[in-house]
Amino acid sequence: MAAQISPCSSSPFPSTKFSRKSWLFKIHSKINPNNQFELKSSHGYPPLNSVSLQDHVVSNNATNQSHLPSFNSLRRLFLISCYHFLVAFRVDAAAEINKPLAKENVLTEQTEPNLSVTIVGASGDLAKKKIFPALFALFYEDCLPQNFIIFGYARTEMTDEELRETISGTLTCRIDKRENCGNKMKAFLARCFYHTGQYNSEENFAELDNRLKQKEDGKTSNRLFYLSIPPDIFADVVRCASGKAFSKTGWTRVIVEKPFGRDSESSAELTRSLKKYLVEDQIFRIDHYLGKELVENLSVLRFSNVVFEPLWSRNYIRNVQFIFSEDFGTEGRGG
């Protein structure tokens, strides 16, 4: 049963001092104006300090005496109304919280985007000793998404099984020795594939795109290209990949491995050639050599030593050279 409360006075505050005569509340019933209204809680019992209201009359439950609405009665009515509003709000909020998420917002294994990592130059030493083991370490620690695949791309003729056999000897559980290490390796290798192609062939990259689509199985595709190749063919690879193998449904990013030019001018020229097909937000430059202990200790030695700190600067040092001796040969490195 609906009720309407309306003040007779045109001004809500006719004077600085509250006057009962300046306020007269009319309660109208849309069904029967003579019906008495009684506030009750949702369980059917009258709430604490409830009041019964009739047209132009307020009846207190305790005394049941008729008189004009008092300030305390109106205040109780207001507080009771606020209480019921808050109860209803909490019920609605709880119902909203318990509602299941919409299907389009639930990321499951079937709807989660696919991450496709393509290692360009996968037959090289860097990919075998650094990149594949690093990706396996991420997979081992559950840092890769649920849906991901890894494709090796290079000029060397090789099958999927040959690639897996080549990199399996470099995968180690170096973080710890858990019992599931062997199972993790098998699961990781099962997601690794290989495609043979030339670095400047759009046709070969179109073939790579077809194989990627087959493995992505219609999911939204996010593609990452890791260029583990000499810098003089960076532009050719990006040109061919951008026209034939970039993602049409998700993002595409390119990681560029060192060296990124010989000096400032060659580095700027290389950047200009890449930006013909990419925007800056898609380009990620990396130098894995900066992670070696020798290089990291160099910065600590400089800034922690009061003698070297003011002297080791561009004002007194022309260049820094590193000699890192290894007990094996080039083994296919350098192209």
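These numbers come from a predicted model, not from an experiment.
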Legend entry - Qualifying residues under ring pair (Phe, Tyr, Trp, His ring centres under 6.0 Å), relative to Y226, sequence neighbours excluded: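 Testing Y226 for ring pair (Phe, Tyr, Trp, His ring centres under 6.0 Å), a comparison that skips the adjacent residues, returns none.
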
Inset, instruction - With sequence neighbours left out, write down each residue that passes ring pair (Phe, Tyr, Trp, His ring centres under 6.0 Å) with F193, or none if nothing qualifies. - result: F151

Measure across [X] and [Y] and return the closest heavy-atom pair with its distance rounded to 0.1 Å.
X	Y	answer
G152	A122	CA-CB, 3.4 Å
R164	A190	NH2-O, 3.7 Å
G250	N222	CA-OD1, 3.4 Å

Would you say the side-chain atoms of [X] pair up with the backbone N or O of [Y], donor to acceptor, closer than 3.5 Å?
X	Y	answer
E157	T196	no
S201	Q198	no
S267	D263	no

Could you measure the distance from the [atom1] atom of [X] to the [atom2] atom of [Y]? Nearest 0.5 Å is fine.
X	Y	atom1	atom2	answer
R155	I229	CZ	CD1	9.0 Å
N147	K219	CG	NZ	5.0 Å
C240	N204	SG	CG	8.5 Å
L135	R191	CG	CZ	12.5 Å
R253	S247	CZ	OG	11.0 Å

Pairwise side-chain contact, [X] with [Y], heavy-atom cut-off 4.5 Å (strictly under):
X	Y	result
N200	I233	no
L270	F234	yes
L208	H195	yes
L224	T118	no
I283	V256	yes
V300	L298	no
L144	L138	yes
L227	E257	no

Inset, instruction - Check step by step if side chain to side chain contact (heavy atoms under 4.5 Å, CB included) holds for S228 and V120. - result: CA-CA 6 Å; S228 177; V120 182; over 6 Å; no

Inset, instruction - Would you confirm whether the ring centroid of F188 sits within less than 6.0 angstrom of the ring centroid of Y140? - result: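 No - the distance between ring centres of Y140 and F188 does not fall below the 6.0 Å cut-off.
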
Hydrophobic cluster identity match, [X] and [Y], side-chain contacts under 4.5 Å:
X	Y	answer
L278	F284	no
V254	I119	no
L126	L171	yes
L163	I150	yes
I255	V117	yes

Could you tell me whether [X] atom [atom1] has more than 12 heavy atoms of other residues or ligands within 6.0 Å of it?
X	atom1	result
K276	NZ	no
K184	NZ	yes
E162	CD	yes

Legend entry - CA sep, side-chain torsions, deciding dist, call: E202, R239, salt bridge (charged side-chain N to carboxylate O under 4.0 Å, His left out): CA-CA 8 Å; E202 292 187 1; R239 173 179 58 82; 3.5 Å; yes

Legend entry - ring pair (Phe, Tyr, Trp, His ring centres under 6.0 Å) contacts touching residues 241-266 (sequence neighbours left out):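 As it turns out, the ring pair (Phe, Tyr, Trp, His ring centres under 6.0 Å) pairs with a partner in residues 241-266, which skip direct neighbours, are F225-F246.
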
Inset, instruction - Scan for ring pair (Phe, Tyr, Trp, His ring centres under 6.0 Å) pairs involving residues 199-224, sequence neighbours excluded, and state none if there are none. - result: Y153-F205

Residues in salt bridge (charged side-chain N to carboxylate O under 4.0 Å, His left out) with [X], at least two apart?
X	answer
R211	D160
R272	E269
K130	none
E280	K275, R285

Under the side-chain contact (heavy atoms from CB on, under 4.5 Å) test, residues paired with [X] that sit two or more places apart:
X	result
E216	N114, S116, I149, L212, K213, S221, R223
S168	L189
S123	A154, T156, M158, Y194

Using distance only, find each side-chain donor-acceptor pair of residues 306-321 under 3.5 Å and give its atom names and separation, not counting sequence neighbours.
from, atom 1, to, atom 2, distance (Å)
S313, OG, N315, N, 3.4

